[in-house]
Amino acid sequence: MPELPEVETIARGLTKAIVGKTIERVDVRLAKMALAPAGVSFAHALAGERIAGVMRRGKYAVIGLRSGRRLVTSLRMTGRLVVQRPGEPDFPATHIALQFTDRTRLNFADVRTFGRMRLVEPGEEWELGLGIEPFSSDFTQEWFLSMLSGRTTPVKALLLDQRRIAGIGNIYACEALWEAGIRPSRPAKALTKAAIHRLHHAIIDVLQRAVDLRGTSIDDYVDADGLQGGFQNVLAVYGRAGDACHRCGTLIVRTVIGARGTWWCRTCQR
DNA sequence: CTGAGATCCTGGGGGC
DNA sequence: TGCCCCCAGGATCTCA
């Protein structure tokens, strides 16, 4: 599932690969994945546009266009944005293909077809309700403390809520809670100030280490060049049910919180 | 405001 | 070994 580190890696790769290129035509093979504008106008609106830059916001990849419009892409679970060179076959399950004038293509592929692209007009607010960036100066210990305070919700569910913090998904929520030594089901208001500070630090640390390793490739994720990340090799808990905790040797367990698989250590996370 | 549940899909895993 | 069935999972919406 592409989360902040994966989308950041994709955005950086796309910056190198497609900035300055001009879109010649767009093939929308699965209409529902081009959310707006609906119908053929999506492809028509993009034809002739030039790529100005690529950035990330939360788990969204934002492709900036010379006109000031932005192509906002949500990858959901299995979406991929991969650049194809001339002569290379389309990536499997490509549902939207941006063909550039130099014959390279940007393929938006998604086996489960949950991903979406949306063309946003200049000045149009698309990120209303999206929470703060973990790497921004807004993500302070004080803000985090007040966000968690008084809530009976399991702390893990709050980490996954994109309206509060943008970019954390299931993998990095599990990993950060392990690093901070906090039980994922713990009601947020039951955390000590010291624990909240540890978690704040762990979130930034885990996300930064994952960005440095170009993301986590478990099932589907690959970067803009089709390459896998490296963080799957250093995961502490995610997907490790039955394996020994790196810290204490206790076997990692999998439980369900908020309908999400949750991996953690019963000994070091309290 | 908050939480629960449904929805969308399909590859892959589990069960028999 | 082979086949069928079930279901995870992010964002969004509805409902209590």
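A, B, ... follow the sequence lines: proteins, then strands. Residue 1 opens every chain. When reading the values below, keep in mind they use all heavy atoms of this one structure, side chains included, and skip hydrogens, waters and symmetry mates.
- Between the A:T262 side chain and the A:R260 main chain, a donor and an acceptor come within less than 3.5 Å of each other.
- Put simply, A:Y60 and A:I165 are part of two different groups of oily side chains (I, L, V, M, F, W, Y) that touch within less than 4.5 Å, one to the next.
- Annotation: cation-pi geometry not satisfied between A:R240 and A:W263 (NZ/CZ under 6.0 angstrom from ring centroid, within 45° of ring axis).
- Rounded to whole Å, atom P of B:dT10 lies 10 Å from atom CG of A:D110.
- The distance from atom CE of A:M77 to atom P of C:dA8 is 11 Å, rounded to the nearest whole Å.
- Across all strands shown, A:R254 has heavy atoms under 4.0 Å from sugar-phosphate atoms exclusively, and none from any base.
- Among the atoms of the strands shown, only primed sugar atoms or phosphate atoms (P, OP1, OP2) are found under 4.0 Å from some heavy atom of A:G261.
- Residue A:Q162 has its side chain nearest to C:dA11 when only B:dT10, C:dA11, C:dG9 are considered.
- Following rounding to the nearest Å, A:L158 (CG) and B:dC1 (C1') show an atom-to-atom distance of 13 Å.
- Taking atom CG of residue A:L160 and atom P of nucleotide B:dT2, one finds them 16 Å apart after rounding to whole Å.
- For the side-chain contact (heavy atoms from CB on, under 4.5 Å) with A:F139, the qualifying choice from A:H200, A:M147, A:E133 is A:H200, the only one to do so.
- When A:I196, A:L148, A:I257 are each tested for a side-chain contact (heavy atoms from CB on, under 4.5 Å) with A:V155, only one passes: A:L148.
- Close to C:dA11, at under 4.0 Å from its OP1 or OP2, lies a side-chain N or O of A:K59.
- When heavy atoms are screened at a 4.0 angstrom cut-off, A:R116 is found touching no nucleic acid atom at all.
- Look at CG on A:L128: it is 12 Å from P on C:dT12, rounded to the nearest Å.
- Distance A:W126 CH2 to C:dA11 P: 11 Å, rounded to the nearest Å.
- Rounded to whole angstrom, the span from the CZ atom of A:F114 across to the C1' atom of B:dA6 amounts to 12 Å.
- Of the listed nucleotides (B:dT2, B:dG11, C:dG10), B:dT2 has the atom at the smallest distance from the side chain of A:R151.
- In this structure, A:R260 reaches the C:dG10 phosphate: one of its side-chain N or O atoms is under 4.0 Å from OP1 or OP2.
- Remark: P of C:dA11 and CZ of A:R57 are 12 Å apart, rounded to the nearest angstrom.
- The shortest distance between the side-chain N/O atoms of A:R164 and the OP1/OP2 oxygens of B:dT2 is below 4.0 Å.
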